[in-house]
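Order of appearance sets the numbers: ligands from 1, and atoms from 1 within every ligand. Numbers for residues simply follow the sequence, beginning at 1.
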Amino acid sequence: MGNYTAAPDLLKDKIILVTGAGDGIGKTAAKTFASHGATVILLGRTTEKLERVYDEIEVAGGPQPAIFPLDLNETRIETFEYFAEAVSQEFGRLDGLLHNASLLGQRTPIANYHFGTWQQVMQVNVNAAFGLTKVLLPLLENSPAGSVIFTGSGVGLKGRAFWGAYAVSKFATEGLMQTLADEMDGVSNIRVNSINPGATRTSMRASAYPAENPNTVTTPEQIMPTYLYLMGDDSRGVSGKQFNAQS
Ligand code: NAP
């Protein structure tokens with residue numbers, strides 16, 4: 001959907017949660033959704049980064065966002081339930097959920113992979129996405145057309161040496177997306193899809209490919225058409241699919 005053109009008011013009056021909204025693709029997605037009329041809930045672990053995104057949205061004239069600092073390395077479901085209750089009190093529904101936050105972890109052979117790092121990557125990339133989805137489903141059901149987007153990766157479709165827990169977590173992400181999409185099929189207005197951003201100029205990409213010249217890499221802004229398509233009503237009825245943002 002790289003050639004999709006979104007109407008300026010595509011997301012008017014929609015309430016959209018973005019995880020990992022303080023940096024990289026999540027930051028650009030939050031600002032882009034707001035620029036198309038959405039009220040965005042900015043979730044991330046670094047409050048100062050979220051505050052900067054909040055300020056940038058306000059300066060650009062977007063709807064006033066909400067900030068929710070949360071470390072997704074959190075394992076208690078009560079923390080997610082508290083968050084869902086806060087969203088319920090403030091907004092009463094959720095129209096969009098972009099699972100974007102992820103940890104890269106180590107780039108090393110499985111034989112050497114640190115057990116604790118493995119657990120953290122699986123927690124942030126998979127378990128937290130499951131926990132958040134579970135507690136937010138009732139609020140997504142309150143939307144006339146809720147959209148859930150998971151973030152995949154090329155290494156989540158075909159395993160690759162030294163990508164360890166990150167690759168495995170992205171396979172699991174596709175599984176979570178497909179399972180939830182199938183459960184929603186025919187019984188809910190919620191659609192569920194995933195986006196593989198492709199190589200994108202962020203600090204995660206720079207950590208994975210330190211020798212690469214960042215100027216040769218696609219920017220987060222360039223991949224936004226796919227995010228807008230899946231978040232807006234033009235994708236109603238589309239579910240269970242994996243999208244490549246750069247094709
Ligand atoms: P990024 O620049 O590293 O940004 C990741 C965001 O997730 C940051 O805002 C980070 O917060 C947040 N985050 C990490 N751990 C968290 C935690 N425990 N709790 C809450 N928030 C946490 O990464 P990116 O490149 O934008 O990646 C965004 C998504 O695209 C990820 O799912 C990634 O796997 C996927 N992806 C990226 C590429 C690429 O080339 N960039 C390619 C394929 C897939 P802090 O800023 O506070 O650290």
Side-chain angles (χ1 to χ4, degrees), residues 17-32 40-54 56 67-76 79-80 83 97-107 116-133 148-158 160 163-174 176-177 193-210 212-224 226-227 230 242-247:
L17 169 65
V18 179
T19 73
D23 215 337
I25 295 167
K27 171 181 178 168
T28 300
K31 289 169 60 178
T32 303
V40 285
I41 305 169
L42 309 168
L43 187 151
R45 65 178 168 182
T46 311
T47 307
E48 303 77 56
K49 287 187 182 184
L50 299 176
E51 285 172 349
R52 273 201 291 278
V53 179
Y54 180 105
E56 287 176 34
I67 288 185
F68 203 96
L70 181 66
D71 186 344
L72 295 172
N73 198 23
E74 168 66 69
T75 53
R76 283 169 305 168
T79 306
F80 295 130
F83 169 66
L97 167 53
L98 172 59
H99 288 295
N100 163 81
S102 275
L103 281 181
L104 180 62
Q106 291 173 288
R107 298 283 317 286
T117 305
W118 183 284
Q119 286 178 311
Q120 269 184 23
V121 171
M122 296 305 286
Q123 169 58 31
V124 172
N125 298 8
V126 183
N127 300 348
F130 152 68
L132 271 180
T133 305
V148 180
I149 304 174
F150 290 92
T151 306
S153 165
V155 297
L157 300 171
K158 169 123 184 41
R160 202 182 303 162
W163 282 80
Y166 180 83
V168 174
S169 76
K170 293 300 184 179
F171 273 89
T173 298
E174 297 301 333
L176 179 54
M177 179 277 282
N193 296 284
S194 69
I195 296 177
N196 169 13
T200 309
R201 195 187 308 169
T202 66
S203 45
M204 182 186 285
R205 176 75 191 180
S207 306
Y209 295 88
E212 182 177 72
N213 176 359
N215 294 327
T216 63
V217 183
T218 301
T219 64
E221 287 74 13
Q222 288 173 295
I223 61 172
M224 284 302 119
T226 305
Y227 287 76
L230 284 178
Q242 208 254 7
F243 287 78
N244 186 335
Q246 296 193 33
S247 65

- Purely on distance, is any nitrogen or oxygen of L72 under 3.5 Å from one on ligand 1? yes
- Query: Can you find a non-hydrogen atom of G152 under 4.0 Å from ligand 1?
  - Reply: yes
- Query: Which one of P69, S203, S102 has a non-hydrogen atom at the shortest distance from atom 5 (C) of ligand 1?
  - Reply: S102
- Message: With heavy-atom distances below 4.5 Å as the criterion, would you say the side chains of R201 and T218 are in contact?
- Response: no
- Message: Among T151, N125, T202, which one puts a heavy atom closest to atom 24 (P) of ligand 1?
- Response: T202
- Any N or O of I25 that comes nearer than 3.5 Å to an N or O of ligand 1? yes
- Query: Are any of the N/O atoms in R205 less than 3.5 Å from those in ligand 1?
  - Reply: no
- Task: Could you walk me through whether M122 and V168 pass side-chain contact (heavy atoms from CB on, under 4.5 Å), step by step?
- Result: CA-CA 8 Å; M122 296 305 286; V168 174; 4.2 Å; yes
- Query: Is it true that L70 lies under 4.0 Å from ligand 1, counting heavy atoms only?
  - Reply: yes
- When R52, K49, K31 are each screened for salt bridge (Lys or Arg N to Asp or Glu O under 4.0 Å) with D23, the one that passes is K49
- Query: So is A128 in contact with ligand 1, going by heavy-atom distances below 4.0 Å?
  - Reply: no
- Does NZ or CZ of R205 fall inside the cone over Y209's six-membered ring, less than 6.0 Å from its centre and within 45° of the axis? yes
- Query: Polar-atom distance check: N196 versus ligand 1, any N or O pair below 3.5 Å?
  - Reply: no
- Message: Contact between ligand 1 and R201 is defined here as a heavy atom of the residue under 4.0 Å from a ligand atom; is it met?
- Response: no
